[in-house]
Amino acid sequence: MADSIDFIKKIPIFSQLSSEALANIVKLQNIKNYKKGIIIFHEGDAGDAFFFVKTGKVKIFKTSFDGRDITLNILGEGSIFAEVTLFNDIDYPATVEVLEDSEIGVILNKDIEKLILQNNELALEIIKILNKRLFRSQTAVKDMAFSDTYIRITKTLIDLCKRHGTTTENGIEIDASITRQDIANMVGTSRETVSRVVSALKKEGLILTNSKKIIIIDINKLQDR
């Protein structure tokens, strides 16, 4: 129980809650193990639960009318997803795929909704998380409309570096499970365009590439660029 509470407390949405509230949330959770490549739920499935990543990574994507997968986000440890279905009788708006073997926490909406109604602090944290997600979506739409492809790809690399980067002796390495096709889908361009921009950044001495890995040599210089 103590270990579970310690982990739940690390999740931003739950970090400010009292020990009693955290203990109540732990009672509601169901931890499931998923292998790489497994679909947790499909777009259009009934939205009856929300989830958090205990270990591993997941990809959130939508499928276009012509059958292409469009990556919306890649989430790692401590992230939550499908929270948009809370207090809404809606289906899941996207598909979630496991990128690497993962432990995923599941909490039924009906259970967490009862707890939210009894806890103002949790309600406020839910609102904050949803506002952050809305801001992120609005920023992405603005970038798609007004930024050129080079800038959009660079911004995406910086974001992935901050959220999924590992510090090495050469710089910050973006998790190898995040492919260039994933980056292309997130930006709204082709894999070939991502490769061209990555090559250009490499020539400028801002990044390194090693097999499938991308390493940011100096994130501050990349941001300035």
Review point. Mind checking what makes side chain to side chain donor-acceptor pair (under 3.5 Å) contact with S190, not counting sequence neighbours?
Key: T193
**Study point:** With sequence neighbours excluded, residues passing side chain to side chain contact (heavy atoms under 4.5 Å, CB included) with K32
**Key:** N30, Y34, V106
Exercise for review: Sequence neighbours left out, what passes side chain to side chain contact (heavy atoms under 4.5 Å, CB included) with E113? Give chain and number order.
Suggested key: L86, F87, N109
Practice item. Output every pair passing ring pair (Phe, Tyr, Trp, His ring centres under 6.0 Å) with a member in residues 93-118, not counting sequence neighbours, ordered by first then second residue. Key: none
Practice item. Name all pairs fulfilling the side chain to side chain donor-acceptor pair (under 3.5 Å) condition that reach into residues 99-108, sequence neighbours left out, sorted by first residue then second. Key: T55-E103
Exercise for review: Assess whether salt bridge (charged side-chain N to carboxylate O under 4.0 Å, His left out) is satisfied between R152 and D148, documenting all intermediate values.
Suggested key: CA-CA 6 Å; R152 297 206 309 271; D148 65 27; over 6 Å; no
Review point. What residues form a side chain to side chain donor-acceptor pair (under 3.5 Å) with Q181, not counting sequence neighbours?
Key: N185
Practice item. Not counting sequence neighbours, list each pair that qualifies as a salt bridge (charged side-chain N to carboxylate O under 4.0 Å, His left out) and has a residue in residues 166-192. Key: K57-D175, K59-D182, E173-K213
**Study point:** Where at least one partner belongs to residues 188-222, residue pairs that pass ring pair (Phe, Tyr, Trp, His ring centres under 6.0 Å), sequence neighbours excluded
**Key:** none
Kindly list each side-chain donor-acceptor pair under 3.5 angstrom involving residues 90-97, sequence neighbours excluded, with atom names and distances?
residue	atom	partner	partner atom	Å
Y92	OH	D48	N	3.4
Y92	OH	D48	OD1	3.3
Y92	OH	A49	N	3.1
Y92	OH	A49	O	3.0
T95	OG1	E43	N	2.9

Point to revise | F52 and F81: CA distance, side-chain angles, deciding distance, ring pair (Phe, Tyr, Trp, His ring centres under 6.0 Å) verdict | key: CA-CA 6 Å; F52 61 86; F81 57 97; 9.1 Å; no
Side chains of residues 197-209: which donor-acceptor pairs under 3.5 Å do they make with residues two or more places apart or in other chains?
residue	atom	partner	partner atom	Å
S199	OG	S195	O	2.9
K202	NZ	T209	OG1	2.9
E204	OE1	R225	NE	2.8
E204	OE2	Y150	OH	2.9

Point to revise | Set of side chain to side chain donor-acceptor pair (under 3.5 Å) partners for T154, sequence neighbours left out | key: none
Check your understanding: Hey, what else clusters with L108 if you join Ile, Leu, Val, Met, Phe, Trp, Tyr whenever side-chain heavy atoms sit under 4.5 Å?
Key -> none
Review point. Would L157 end up clustered with I172 when hydrophobic side chains under 4.5 Å apart are linked, directly or stepwise?
Key: no
